[in-house]
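Following: one structure in structure tokens, then a few remarks.
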There are 2 protein chains.
Amino acid sequence: MESEAIIWQSEWKRLKKKLHREKYKLTPQREATLQVLIENEKSHLSAEEVYLRVKEKAPDTGLATVYRTLDLLSELDILDKINFGDGVARYEIRQEGAKHFHHHLICLDCGEVNEIQEDLLMDVEEKVSTKYHFLIKDHRLIFHGICDSCQKQQK
Amino acid sequence: MESEAIIWQSEWKRLKKKLHREKYKLTPQREATLQVLIENEKSHLSAEEVYLRVKEKAPDTGLATVYRTLDLLSELDILDKINFGDGVARYEIRQEGAKHFHHHLICLDCGEVNEIQEDLLMDVEEKVSTKYHFLIKDHRLIFHGICDSCQKQQK
DNA sequence: CTGATTGCAAATATTTTGCAGGGCC
DNA sequence: GGCCCTGCAAAATATTTGCAATCAG
């Protein structure tokens, strides 16, 4: 789809600019890592998985560098580092626009992770920050349960 | 406080019964682990931290056993295993009554973890399960931000 | 008694760090 | 040249597993 290519390009430019602005170099390894993350926007890749895909594009890349890059990109808020509780950190490109939150539905049956894109927590955040005087910067909301298709299969 | 002792005792009995019902043996190691978890209900201990406290009560306990016990107790829904994203699993006694949820406020400054006890997500869960046909079993909600006292210090 | 449970040590898994070398400005 | 960045190997951290010995029921 052409429009996807365009979106992809503008996303790409935005991120390159951001790196540049922060005085970090755009090395082939970082480029490959960013590409992988953009291409797998919905996949919640682990560091190891990112590494394997990066190696396809830039075979000499070391695992340590991938870790360092993922760290760096998280620092810059280009990535979100998430932890679903399985002991592996996962990474995904942060959506543009600070308040564009999304949440995760994890199926206890098939293990699939789905995203939902609404910000459901406006009211809740309001309540929490007033009541507990807590200045909210970010939130993580994960639902564990049974996904639609697994429910159907169980019948 | 006398009432605390009574609460503690009834909690203790309930858990012993649960283990027995499921045909698991109540070994000194498991007893010590449970005690530690009850005594530190609010502390979000890591496996290592549980281990250190268990050793005070039962010095010959091995770390592997603590891991195995924590796993077992999580299986039985006696504990919740939580992951705040720092690479360490943490454990806490599950409150009696399935729907007594609580959430966590993590301060990005001092690292303190506070709990809030309301169930804020009734409406949100309603929305999600209808809209995505997702059968919710549990949820995790974590807020990252700046706690009250750190906000004051920054002024 | 007998299988469940344990401690210990070794194995895994994940992530971080030290360091010497390479490349960009 | 100076410094950022890299790969590699080793270290650090967190957790799991194999196995012979032990213990709870």
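The figures that follow rest on heavy atoms only: side chains count, while hydrogens, waters and symmetry mates do not. Residue numbering restarts at 1 for every chain, and letters A, B, ... go by the order of the sequence lines.
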Does the B:Glu41 side chain pair with the main chain of B:Ile93, one donor and one acceptor, at a distance under 3.5 Å?
no
DNA chain D contacts made by residues 69-86 of chain B, counting heavy atoms under 4.0 Å
none
Protein-nucleotides 10-14 of chain C N/O pairs under 3.5 Å:
none

Just checking, any donor-acceptor pair under 3.5 angstrom between side chains of B:Gln117 and B:His102?
no
May I have the step-by-step check of salt bridge (Lys or Arg N to Asp or Glu O under 4.0 Å) for A:Arg90 and A:Glu49, ending in yes or no?
CA-CA 9 Å; A:Arg90 292 169 187 285; A:Glu49 288 163 344; 3.7 Å; yes
Nucleotide D:dT6, atom P - distance to OH of A:Tyr51 in whole Å
14 Å
How about A:His139 and A:Glu125: does a side-chain donor come under 3.5 Å of a side-chain acceptor?
yes
Double-helix bend of the helix from C:dC1-D:dG25 to C:dC25-D:dG1, axes at both ends from 5 pairs, round to 10°, gives 30°
pair A:Leu121-B:Leu121: side-chain heavy atoms closer than 4.5 Å:
yes
Rounded to the Å, how far apart are A:Leu63 CG and C:dT17 P?
14 Å
Check nucleotides 21-25 of chain D against the protein and report each pair of N or O atoms closer than 3.5 Å, with its distance, or say if there are none.
{"from": "D:dA24", "atom 1": "N3", "to": "B:Lys25", "atom 2": "NZ", "distance (Å)": "3.4"}
{"from": "D:dG25", "atom 1": "OP1", "to": "B:Leu26", "atom 2": "N", "distance (Å)": "3.3"}

Backbone N/O of B:Ile82 and side chain of B:Arg140: donor-acceptor pair under 3.5 Å:
no
Rounding to an integer number of Å, can you tell me how far B:Arg30 CZ sits from C:dT5 C1'?
6 Å
Can you confirm whether A:Glu56 sits close enough to A:Leu52 that some side-chain heavy atom of one is under 4.5 Å from a side-chain heavy atom of the other?
no
Taking the side chain from A:Gln29 and the backbone from A:Ala58, do they hold a donor-acceptor pair closer than 3.5 Å?
no
Between atom CG in A:Leu45 and atom C1' in C:dT15, what is the gap in whole Å?
17 Å
Mind listing the N/O atom pairs, protein and nucleotides 18-22 of chain C, below 3.5 Å?
{"from": "C:dG18", "atom 1": "O6", "to": "A:Arg68", "atom 2": "NH1", "distance (Å)": "3.3"}

Round to a whole Å and report the spacing from CG of A:Asp60 to P of D:dC5.
19 Å
Tell me which donor-acceptor pairs under 3.5 Å the side chains of residues 71-80 of chain B have, and how far apart each pair is, sequence neighbours excluded?
{"from": "B:Ser74", "atom 1": "OG", "to": "B:Leu70", "atom 2": "O", "distance (Å)": "2.8"}
{"from": "B:Asp80", "atom 1": "OD1", "to": "B:Arg94", "atom 2": "NE", "distance (Å)": "3.1"}
{"from": "B:Asp80", "atom 1": "OD1", "to": "B:Arg94", "atom 2": "NH2", "distance (Å)": "2.7"}

